[in-house]
**Student:** 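Here you go, one structure.
Start at 1 and go down the list; that is how both ligands and their atoms are numbered.
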Amino acid sequence: MNHRTYIELEEEYGAHNYRPLDVVLSRGEGVWVWDVEGNRYLDCLAAYSAVNQGHCHPKIRQAMVEQAQKLTLTSRAFRNDQLGFLYKDLCELTNSHKVLPMNSGAEAVETAIKVVRKWGYEVKGVPENEAQIIACENNFHGRTISIVSFSTDETSRAGFGPFTPGFTIIPFGDAAALERAITPNTVALLVEPIQGEAGVIIPPEGYLREVRAICSEQDIVMVTDEIQTGLGRTGKLLAEEHDGVEADLTVVGKALSGGFYPVSAVLSTTEILSVLQPGEHGSTFGGNPLACAVARTALRVLIEEGMIENAAAVGAYFMEGLHQIDNPLIKEIRGKGLMIGVEFYPEAGGARAYCERLKERGVLAKDTHEHTIRFAPPLVITREQVDWALERITVVLGTN
Ligand SMILES: *Cc1c(COP(=O)(O)O)cnc(C)c1O
């Protein structure tokens with residue numbers, strides 16, 4: 001079947017809530033993916049950083065198959081022989097006390113919101129139903145009603161009201177604005193260490209350190225959404241490590257399963273997660289044995305195979321190569337590790353057309369927020385593969 005047939009099927013029977021590039025993929029291995037006609041592409045999106053470990057990593061695949069032959073789902077009505085080990089691995093790796101497992105990223109963010117509200121009432125003493133959570137302009141934390149309630153992106157919100165109250169918006173990267181926004185009813189700040197969907201926006205040096213200090217002083221929970229920045233993407237296990245800080249609560253997802261399966265988790269302290277009692281929150285699939293076996297292996301290969309160090313080294317090399325591109329319409333090239341954004345001036349007419357042309361040459365990347373292309377390949381990418389990509393990227397991004 002020609003790729004057109006697949007596209008027509010999708011267009012006819014599926015909701016049109018995405019506008020994908022017209023490439024129909026059927027196989028992946030490491031940094032490479034193949035379309036239904038057998039053309040090979042280097043994947044520079046890595047499923048929005050869910051396949052940090054590379055497509056179909058053989059060890060994760062093996063763990064998934066082996067676990068699928070034994071036991072996949074018990075629900076949390078019963079215990080399973082995998083869950084405790086995932087908890088322990090996550091706590092040891094991230095220096096957390098306690099874990100709450102969920103599935104999608106948005107679910108884990110929702111969980112964080114519920115937990116910090118309850119903490120606010122039960123521990124901080126905020127009057128009932130008065131809790132406020134501070135979030136940042138241009139944030140991306142997912143798609144549920146409560147999460148889009150504090151989005152500042154009209155496309156994500158329009159037509160979906162009424163919204164959930166209890167959120168305050170401040171500019172991203174401005175610690176003084178946080179200080180001004182805090183009231184006695186503030187329970188938490190929710191922040192991405194680097195704003196991915198907004199176009200790889202990196203806050204000023206030391207921002208998270210200042211935020212950390214303010215949150216401690218004012219007794220509010222510092223929540224980092226590391227769903228995209230975490231698990232090696234920026235060259236550290238968690239991006240907050242670049243600032244030498246530890247949030248009180250961190251949300252991870254995406255690469256927690258290496259792209260095999262939706263697995264997310266809330267990582268926090270005993271004090272904060274202890275506000276939840278049996279029956280107050282949960283998920284049928286959260287913490288299931290298949291997810292746990294997959295996630296444990298996804299974490300293990302990330303570390304054992306040096307992917308985090310590789311992201312730092314090869315990411316810097318990739319950035320250096322991008323800086324050689326000569327095009328006056330490029331406004332800025334920025335990034336950390338293998339989370340890189342190339343922003344164009346509006347005169348370039350949007351980044352989408354460049355992505356279409358990159359695809360024709362075998363490089364898959366996606367525009368974000370109109371004028372920026374994000375380059376975020378799997379963390380297993382080698383310098384040689386970056387050279388291969390740069391050759392093509394230089395041709396496309398060097399000509400308007
Ligand atoms: C992708 C993402 C989410 C949402 O994750 P889903 O699994 O799509 O629900 C939340 N926060 C950030 C920073 C993300 O990149």
**Student:** Could an N or O of ligand 1 be found under 3.5 Å from any N or O of Ala106, whether backbone or side chain?
**Tutor:**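 Checking ligand 1 against Ala106, an N or O pair does fall under 3.5 Å apart.
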**Student:** Based purely on interatomic distance, does Gly105 place a nitrogen or oxygen under 3.5 Å from a nitrogen or oxygen of ligand 1?
**Tutor:**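 Yes - when backbone and side-chain N and O of Gly105 are compared with those of ligand 1, one distance drops under 3.5 Å.
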**Student:** Polar contacts were defined as any N/O atom of the residue lying under 3.5 Å from an N/O atom of the ligand; does this apply to Asp225 and ligand 1?
**Tutor:**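 It does: an N or O of Asp225 is found under 3.5 Å from an N or O of ligand 1.
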**Student:** Can you find an N/O atom of Lys254 closer than 3.5 Å to an N/O atom of ligand 1?
**Tutor:**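 Between Lys254 and ligand 1, an N or O pair is found under 3.5 Å apart.
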**Student:** Once you measure the plane-to-plane angle for Trp32 and Trp388, does it fall in the parallel (<30°), tilted (30-60°) or perpendicular (>60°) bin?
**Tutor:**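 Ring orientation, 0 to 90° scale: perpendicular.
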**Student:** If you count the atoms of ligand 1 from 1 in the order shown, which ones are under 4.0 Å from a heavy atom of Glu192?
**Tutor:**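 So the atoms of ligand 1 that pass are 13 (C).
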**Student:** Distance check, rounded to the nearest 0.5 Å: Arg117 atom CZ versus Lys114 atom NZ?
**Tutor:**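 Separation between the atoms: 10.5 Å.
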**Student:** First locate atom CD1 of Ile134, then atom OG1 of Thr186, and finally report the distance between them rounded to the nearest 0.5 Å.
**Tutor:**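 Here the rounded value is 4.5 Å.
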**Student:** Can you find a protein heavy atom under 4.0 Å from atom 8 (O) of ligand 1?
**Tutor:**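 It does not: no protein heavy atom is found less than 4.0 Å away from atom 8 (O) of ligand 1.
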**Student:** How are the rings of Tyr207 and Phe172 set relative to one another: parallel (under 30°), tilted (30 to 60°) or perpendicular (over 60°)?
**Tutor:**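 It falls in the perpendicular class, over 60°.
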**Student:** Got more than 12 heavy atoms from elsewhere within 6.0 Å of CG, Asn2?
**Tutor:**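 Enclosed.
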**Student:** Once you restrict to heavy atoms under 4.0 Å, what part of Tyr48 touches ligand 1? Side chain, backbone, both or neither.
**Tutor:**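 No part of Tyr48 is near ligand 1 at this cut-off.
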**Student:** What distance do Arg233 atom CZ and Ile227 atom CD1 have between them, rounded to the nearest 0.5 Å?
**Tutor:**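 Between Arg233 CZ and Ile227 CD1, I get 14.5 Å after rounding to 0.5 Å.
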